[in-house]
Protein chains: 2
Amino acid sequence: MELSRRGDYAVRAMLDVATRPADRMTVTKEIALRQDIPPIFLTKIVSSLSQAGLLRTYRGVAGGVALGKPADQISLLQIIEAVDGPIYINRCLIRRGECDRDRTCPAHELWVQAQGELLGLLANKSLADLARRAQELQQAPMAGFAA
Amino acid sequence: MELSRRGDYAVRAMLDVATRPADRMTVTKEIALRQDIPPIFLTKIVSSLSQAGLLRTYRGVAGGVALGKPADQISLLQIIEAVDGPIYINRCLIRRGECDRDRTCPAHELWVQAQGELLGLLANKSLADLARRAQELQQAPMAGFAA
DNA sequence: GGCAAATAGGATATAATTTATCCTTTTATG
DNA sequence: CATAAAAGGATAAATTATATCCTATTTGCC
Ligand code: SF4
Ligand code: SF4
């Protein structure tokens, strides 16, 4: 019932790329440093994100990674499913018939609903939303003590 | 991101007890048979449910288990948390400060919201709701082919 | 061409968690 | 006292998650 580290890392990595100047390439190792993600592990994650088309990667000396499409066309759901595969909150939601009780199981209906809401939320939240919010949070004045 | 087997079993076991005649005791082994749950594993689950007050258990020859309180006062959330511990969909929701980025992390806010919705759904669905729905589903006519 | 810097990918190690069973004890009934 | 049930501790087995290592490939630049 918990998001994998991979998924959390992937979101942070995408956010890191999205909040850098778009004209310069971002290098995986630097993302790892800034975001405190195990560097070699991150290369795997970047690879998945790249295969999903969410990142574009460039090899070689001046290489690095950049967004594969505009940030407002990348949803959180896409990011997470790119690295963790399809999300399901119970196994009967993998596909119909995966659990042979699903026709008569009242819990099944509940999971269908819960999953729908979760996926909806993630599908409607874009990387651009997050990036915007990230800036707000960074600029936010501290709830300071000295007036 | 997936419910544990334990959690799924727990819901089914509770539902099984809730849909039996309340005057007779239900025996764990029989629940296991009916619900197709590994019997010894189920004893552990029953034990957790009992410690959480959701089941009352009785040892000895005429023993067994019964609901610990009325079915409409038992939420799905209680059942699942009784066997799996507190639900959190990302580790920053375990407690404040668990991830030191949580003050400035835009993803954190998303998880807070998602978790709120999920827990709300589970907290508002009672075992009685499920039991009622179970009866409906059993009585429901098949979407038959022969007219 | 050859070196250096970057991603790609396969294999593998390590750790953590989940699932499940075994064995012994305790409790209650008749 | 024999039997049937739950309780609980220890442990096994399986699965999954996390992370690293090593080699290959691509690219820019001198
Ligand atoms: S919730 Fe019901 S249908 Fe889904 S896995 Fe559990 S038993 Fe099967
Ligand atoms: S979502 Fe943000 S706050 Fe939560 S664990 Fe990930 S990085 Fe930390």
Whole Å only: how far is the [atom1] atom of [X] from the [atom2] atom of [N]?
{"X": "B:Arg56", "N": "D:dA5", "atom1": "CZ", "atom2": "C1'", "value": "18 Å"}
{"X": "A:Leu3", "N": "D:dT16", "atom1": "CG", "atom2": "P", "value": "17 Å"}
{"X": "B:Lys44", "N": "C:dT18", "atom1": "NZ", "atom2": "P", "value": "17 Å"}
{"X": "B:Leu49", "N": "D:dA7", "atom1": "CG", "atom2": "P", "value": "11 Å"}
{"X": "B:Met1", "N": "C:dT18", "atom1": "CE", "atom2": "C1'", "value": "18 Å"}
{"X": "A:Tyr58", "N": "D:dT27", "atom1": "OH", "atom2": "P", "value": "11 Å"}
{"X": "B:Arg59", "N": "C:dT27", "atom1": "CZ", "atom2": "P", "value": "6 Å"}
{"X": "B:Arg91", "N": "D:dA17", "atom1": "CZ", "atom2": "P", "value": "13 Å"}

Mind checking whether A:Ser126 and A:Asp129 have side chains closer than 4.5 Å, heavy atoms only? yes
5'-most contact on DNA chain D (nearest-nucleotide basis), B:Val46 vs A:Gly60, goes to B:Val46
Would [X] and [Y] show up in the same hydrophobic cluster when neighbours are defined by side-chain heavy atoms closer than 4.5 Å?
{"X": "A:Met1", "Y": "B:Val112", "result": "yes"}
{"X": "A:Phe41", "Y": "A:Leu15", "result": "yes"}
{"X": "A:Tyr58", "Y": "A:Val65", "result": "no"}
{"X": "B:Tyr9", "Y": "B:Ile40", "result": "no"}

Could I get the full list of salt bridge (Lys or Arg N to Asp or Glu O under 4.0 Å) partners for A:Asp8, not counting sequence neighbours? A:Arg5, A:Arg12
Just checking B:Ser47: base, sugar-phosphate only, or nothing, at a heavy-atom cut-off of under 4.0 Å? sugar-phosphate
When you measure from every atom of DNA chain C, which of residues 4-42 of chain A have a heavy atom less than 4.0 Å away? A:Val27, A:Thr28
Treating [X] as the side-chain partner and [Y] as the backbone partner, does any N or O pair qualify as donor plus acceptor under 3.5 Å?
{"X": "B:Glu81", "Y": "B:Ile87", "result": "yes"}
{"X": "B:Glu98", "Y": "B:Arg95", "result": "no"}
{"X": "B:Gln73", "Y": "B:Pro70", "result": "no"}

Can you check nucleotides 13-15 of chain D for protein contacts, nitrogen or oxygen pairs under 3.5 Å, and list what you find?
none

Please determine if a side-chain N or O atom of B:Thr43 lies less than 4.0 Å away from the OP1 or OP2 oxygen of D:dG8. no
